[in-house]
Amino acid sequence: MKSDAAADRMNVNTVIKDGTLQTLCRQCNMRCGVNVHIRDGIISDITGFNAHPQNRGFVCVKVLAAIDTFYHKDRLLKPLKRDPNGSFTEIPRNQALDEISDRILQIREQFGARSMGVWKGEGVGYFQEEDYARRFIHAFGSPNYFSNDSTCYNGRYLGFLLVNGFWNSNPEFEHADLIILWGANPPVSHPPMMSEITESCKRGAKLIVIDPRLSKVAHKADMVARPLPGTDGALVWGLIRYLINTGNYDREFIEKYASGFGAFARYAGKFTPEFVEKQTGVDRRIVGEIAEMIIKRQPRVIIYPGVGLEHHENGVNTVRTIACLEALCGALEIKGGINWPEGMGERKLSLCDEVPLLDKKPIGADKFPVLYDYRWECHTMMAMEYMLGNGEYPLKGLVLTAGNPVLTNPNTKKVAKALSSLDLLVVNDLFLTETAKLAHYVFPAASFFERSELHYHPKYNMVTLTRKIAEIPGADDEYSLWRDLAHRLGFGEHYFPWKNEEEVNRWILEPTGITLEELHNHPEGLVYKPVRYKKYETRPFPTSSGKIEFSSPYLKKLGLHEIPEYVPPRYISHPKKEYPFVLTTGARKSLYCHTRYHNLPRFLKAFPVAEIEIHPSDAARLGIEDKEHLRIISEIGSVEVKAKVVHETDIIPGTLEIVHGWQDGNVNLVTYDDLNDPISGFPVLKSVPVRIQKMQVEAG
Ligand SMILES: Nc1nc2c(c(=O)[nH]1)N[C@H]1C(S)=C(S)[C@@H](COP(=O)(O)OP(=O)(O)OC[C@H]3O[C@@H](n4cnc5c(=O)[nH]c(N)nc54)[C@H](O)[C@@H]3O)O[C@H]1N2
Ligand SMILES: Nc1nc2c(c(=O)[nH]1)N[C@H]1C(S)=C(S)[C@@H](COP(=O)(O)OP(=O)(O)OC[C@H]3O[C@@H](n4cnc5c(=O)[nH]c(N)nc54)[C@H](O)[C@@H]3O)O[C@H]1N2
Ligand code: SF4
Ligand SMILES: [Mo]
């Protein structure tokens, strides 16, 4: 795909002047293999790299954004310091680093090390760039590592981890007989994954989609169920009851490898077809048909949970029930099921085991202990309270890279107030974002074209090296930032001794026997171990009991539900007349990635403003026209957006949807930060009770 970005503004040094280099696209976590074409020292085009198994030559429209972003006229190229009057001036990098280090040391002296934190956003994904940030803050003596994963992925990961000890987010769709996409929309969010699913369907696999919106993928499905937002747990339990009552589950597997099944099966009895239909709004016949499809096609059943399930107060338990259903099908660690990925024995950058710092009271660990216990993550919404002086100790300083929480964390007004109250906020980004505007110092970040890092593809037990394609003087890679701060703070020699990324990569790889040179010569990746199935036959499941846990003694000890009980969402159990609609948020759009790419003219032309999807019957009842401006009001705040009256099968009546990431039309002005899943601490982003105001007159 060719880009039309202006390439002449910057002093770009591409590593070759003409030719093609292979690397991974890092615009999202699919990490597709790509060819980067360079002409006369300019990155001119990106195409799919056929030999990479992840995408087999496919690329999505977002690769265009990679080039447009790289050469963008607003890209930061110099460090900035905010003046007392709020404007920014350029500052030499070393001076900025010296001043920041002084401020950090002052904070440590006055309040203790734990009053400093770091924050990693989705702009660098996870793995190596995340581990630098984690390493930095633990080496400094604070446990306070925050990330976008307080609202992403961890809810699902914990759901599976608590049942069977692992989750592989890239299951073997190609060998499955039944695929259930549950609260996920891969044609938009993970296009290469969708092409795999489509091929599997061509081979004969069946596809079921469970989503309150008729998303793009639902058009391809053999069956669709549209539950009320946040009621999915009841639907899973309904399927579980059906399988247990008809005796259609892998009894031998469960008897041998699971614990807690008796109490679990008794609890399932509650989910009669009448109860499930009443809770979810899904016709009981559809529930029965889905159950029959599962029975006919087990064990090769893959249930893929998306972010649609996480953003609820009951999210982790919904995912736990899905993990239990997979186990009942006997779908664990088999070809065409979900498989436990194996590591390659590399060195770890993260210091969580070496310097756990539990005694320092990580932020959020008292309220959401599971998140810290299993993920070593602090909770971003609790972080705001600590910044505002409402915590056990103050959070005074933050170094934030690759995130834009002013737009992406719930309750925007609180986020902005909290970040503004810090003694020190440092932001590392490609652009002067809404979050960066609140910072005392802003660093110009390097994009993924300017970094080299190791990647693991758990589905294939494979490792790949991304290679540096170019350098832009002024923009430094993530490692350099953490290294240079660490050296100024006195722990660089011990914890960040490597000169550059290449030395880090060698250190990580050393015990594996795989060399950087080999990886360089194999841009399609190297398989470090053949994929194996049924590993549980020779070693226990990686849970505390070594078995699949239908009931969790660990959660019981914490005073949480031992069985993944279903608790209805609040808008159903405690409805409020003033908020008659339920708002889901964040259903991905092909062109944007959260807050990213809204500054790219060609994308903006195609999709210029934030919209609210509304059912035609609701629109007609309230006299709302397509494209009309509306104000959406929740208990937290309000947001103005344009109406998009969708087709009657596209969304269920009474439900609305707005995607997040827009500066004008920022839906996180209305989302809750303090209604949380008790296990993950995730906020309620997908069942927010709201009312609609036609800009002048209230409608309801
Ligand atoms: N209401 C609502 N809110 C949500 C969600 C939702 O569904 N609904 N979804 C949540 C989810 S799942 C997620 S993951 C979060 C995402 O939340 P964030 O991580 O805050 O979102 P991004 O827009 O991905 O932020 C990426 C930032 O990194 C910068 N960036 C891009 N590339 C690089 C790089 O190479 N280096 C550096 N240093 N910076 C870079 C970009 O310019 C951008 O400012 O949003 C969450 N927020
Ligand atoms: N183009 C693009 N791609 C992306 C991203 C992006 O911002 N843009 N973000 C990336 C990131 S960080 C993430 S986490 C992934 C997310 O990837 P996915 O998990 O596939 O997320 P979505 O594409 O938003 O699909 C979620 C679906 O859940 C539905 N849903 C909402 N509430 C409920 C509910 O209560 N129950 C059920 N059953 N369904 C519900 C929504 O209608 C939506 O269709 O996408 C990644 N890929
Ligand atoms: S799906 Fe698109 S954005 Fe994501 S890695 Fe692949 S090409 Fe890049
Ligand atoms: Mo995410």
Side-chain angles (χ1 to χ4, degrees), residues 1 24-34 46-49 52 54-55 58-66 69-70 72 74-76 119-126 129 133 147-156 186 188-195 306-308 310-311 380 400-412 415 427-436 443-451 475-478 481 583-588 590 592-599 657-661 666-672 682-686 688:
M1 290 193 195
L24 298 184
C25 171
R26 299 290 291 105
Q27 298 287 91
C28 87
N29 280 319
M30 285 307 304
R31 293 166 291 145
C32 298
V34 288
I46 296 184
T47 55
F49 177 32
H52 201 284
Q54 184 76 345
N55 56 317
F58 172 91
V59 282
C60 83
V61 63
K62 292 194 295 302
V63 294
L64 277 180
T69 299
F70 181 77
H72 199 284
D74 296 334
R75 224 185 122 173
L76 298 171
W119 182 310
K120 184 275 325 171
E122 181 62 14
V124 287
Y126 46 96
E129 314 303 330
S147 85
N148 58 295
D149 294 322
S150 281
T151 59
C152 176
Y153 173 70
N154 272 328
R156 286 171 280 173
V188 168
S189 59
H190 300 107
M193 183 192 280
M194 193 59 216
S195 61
V307 77
E310 281 182 310
H311 293 156
T380 59
L400 184 151
T401 184
N404 193 357
V406 168
L407 298 184
T408 54
N409 246 52
N411 197 348
T412 297
V415 175
V427 170
N428 183 48
D429 203 295
L430 307 172
F431 299 104
L432 194 61
T433 62
E434 290 307 291
T435 303
F443 282 92
S447 74
F448 75 88
F449 286 134
E450 301 142 70
R451 299 196 301 260
D476 286 286
D477 58 57
E478 304 282 308
L481 177 66
L583 172 71
T584 67
T585 74
R588 308 312 190 232
S590 296
Y592 298 121
C593 209
H594 311 290
T595 65
R596 283 174 265 164
Y597 322 140
H598 293 90
N599 58 356
E657 159 64 37
I658 308 176
V659 68
H660 66 297
N666 167 16
V667 74
N668 281 320
L669 285 163
V670 305
T671 53
Y672 291 99
F682 272 39
V684 172
L685 302 176
K686 290 189 169 36
V688 184

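Counting starts at 1 for both ligands and their atoms, in listed order. Numbering starts at 1 and runs along the sequence shown.
- Between V124 and ligand 1, no pair of N/O atoms sits closer than 3.5 Å.
- Below 4.0 Å from some heavy atom of T401 lie the following atoms of ligand 1, by number and element: 38 (N).
- Ligand 1 places these atoms under 4.0 Å from at least one heavy atom of A445: 36 (N), 37 (C), 38 (N).
- Those atoms of ligand 1 that come under 4.0 Å of a heavy atom in A446, given as number and element, are 34 (C), 35 (O), 36 (N).
- There is a side-chain donor-acceptor pair under 3.5 Å between N428 and E478.
- The residue among V688, N599, D429, L430 with a heavy atom at the shortest distance from atom 41 (C) of ligand 1 is D429.
- Checking side-chain atoms of R588 against main-chain N and O of G586 turns up a donor-acceptor pair under 3.5 Å.
- Under 4.0 angstrom from ligand 1, there are no non-hydrogen atoms of P410.
- Checked by atom type, the side-chain pair Y153/E310 shows no donor-acceptor distance below 3.5 Å.
- Heavy atoms of R26 come nearer than 4.0 angstrom to ligand 1 in no pair at all.
- The shortest N/O to N/O separation between N148 and ligand 1 does not fall below 3.5 Å.
- Scanning both residues, T412 and L669, for their nearest heavy atoms gives OG1-N, 3.6 Å.
- Side-chain atoms of K686 come within 3.5 Å of backbone N or O of T585 as a donor-acceptor pair.
- The option from E122, H72, R588 that lies nearest to atom 12 (S) of ligand 1, judged by heavy atoms, is R588.
- Scanning both residues, D74 and F431, for their nearest heavy atoms gives O-CD2, 3.6 Å.
- Side-chain contact check for V34 versus V59: some heavy-atom pair is nearer than 4.5 Å.
- Here T595 has heavy atoms under 4.0 Å from ligand 1 in both its backbone and its side chain.
- Using a 30° and 60° split on the angle between ring planes, H598 and Y592 fall in the parallel class, below 30°.
- Using a 4.5 Å heavy-atom threshold, the side chains of P192 and F58 count as touching.
- Looking from atom 33 (C) of ligand 1 to the surrounding protein, the closest heavy atom is G123 O, 3.7 Å.
- Without hydrogens or angle criteria, E657 side chain to A587 main chain gives a donor-acceptor distance under 3.5 Å.
- Residue contact check for ligand 1: K686 places a non-hydrogen atom closer than 4.0 Å to it.
- Annotation: side chain of Q54 is in contact with side chain of M30 (closest heavy-atom distance under 4.5 Å).
- In this structure, the protein non-hydrogen atom closest to atom 46 (C) of ligand 1 is T151 OG1, 3.5 Å.
- Among protein atoms, those of element N, O or S found less than 2.8 Å away from atom 4 (Fe) of ligand 3 are C28 SG.
- Under a 3.5 Å cut-off, the side chain of N668 and the backbone N or O of T408 do form a donor-acceptor pair.
- For the pair A587 and ligand 1, no heavy-atom separation below 4.0 Å is found.
- Nearest heavy-atom pair across V188 and S590 is CG1-N, 3.5 Å.
- The shell of residues lying under 4.0 angstrom from ligand 1, judged by heavy atoms, includes R451.
- Residues F70 and S447 meet the side-chain proximity criterion, which asks for heavy atoms closer than 4.5 Å.
- Side chain of N55 to main chain of G33: a donor-acceptor pair is present (N/O by atom type, distance under 3.5 Å, no hydrogens or angles).
- The distance from the CG atom of L24 to the CG atom of N29 is 11.0 Å, given to the nearest 0.5 Å.
- Nearest heavy-atom pair, F682 versus T151, reported as atom, atom and distance to 0.1 Å: CE2-C, 3.2 Å.
- Considering each of A402, G121, S189, the one bringing a non-hydrogen atom nearest atom 27 (C) of ligand 1 is A402.
- Close contacts between ligand 1 and C593 involve ligand atoms 23 (O) [criterion: under 4.0 Å to a heavy atom].
- Annotation: N404 places an N or O atom under 3.5 Å from an N or O atom of ligand 1; distance criterion only.
- For V667, every heavy-atom contact with ligand 1 shorter than 4.0 Å involves the side chain, none the backbone.
- Closest to atom 3 (N) of ligand 1 among all protein heavy atoms lies N668 ND2, 3.3 Å.
- You'll find the side chain of R596 reaches within 4.5 Å of the side chain of E122, heavy atoms only.
- Side chain of D477 to main chain of A446: no donor-acceptor pair is present (N/O by atom type, distance under 3.5 Å, no hydrogens or angles).
- Counting only heavy atoms of the protein, atom 13 (C) of ligand 1 lies nearest to H594 CE1, 3.5 Å.
- Protein heavy atom closest to atom 24 (O) of ligand 1, with residue, atom name and distance, is R596 NH2, 2.9 Å.
- Considering only non-hydrogen atoms, atom 18 (P) of ligand 1 lies nearest to T408 out of T408, L76, V406.
- The protein atom (non-hydrogen) at minimum distance from atom 4 (C) of ligand 1 is H660 CD2, 3.4 Å.
- Looking at T585 against ligand 1, both its backbone and its side chain come within 4.0 Å, counting heavy atoms.
- Within the 4.0 Å heavy-atom criterion, the part of T433 lying near ligand 1 is the side chain and not the backbone.
- In this structure, atom 38 (N) of ligand 1 lies nearest to the protein heavy atom E478 OE2, 2.9 Å.
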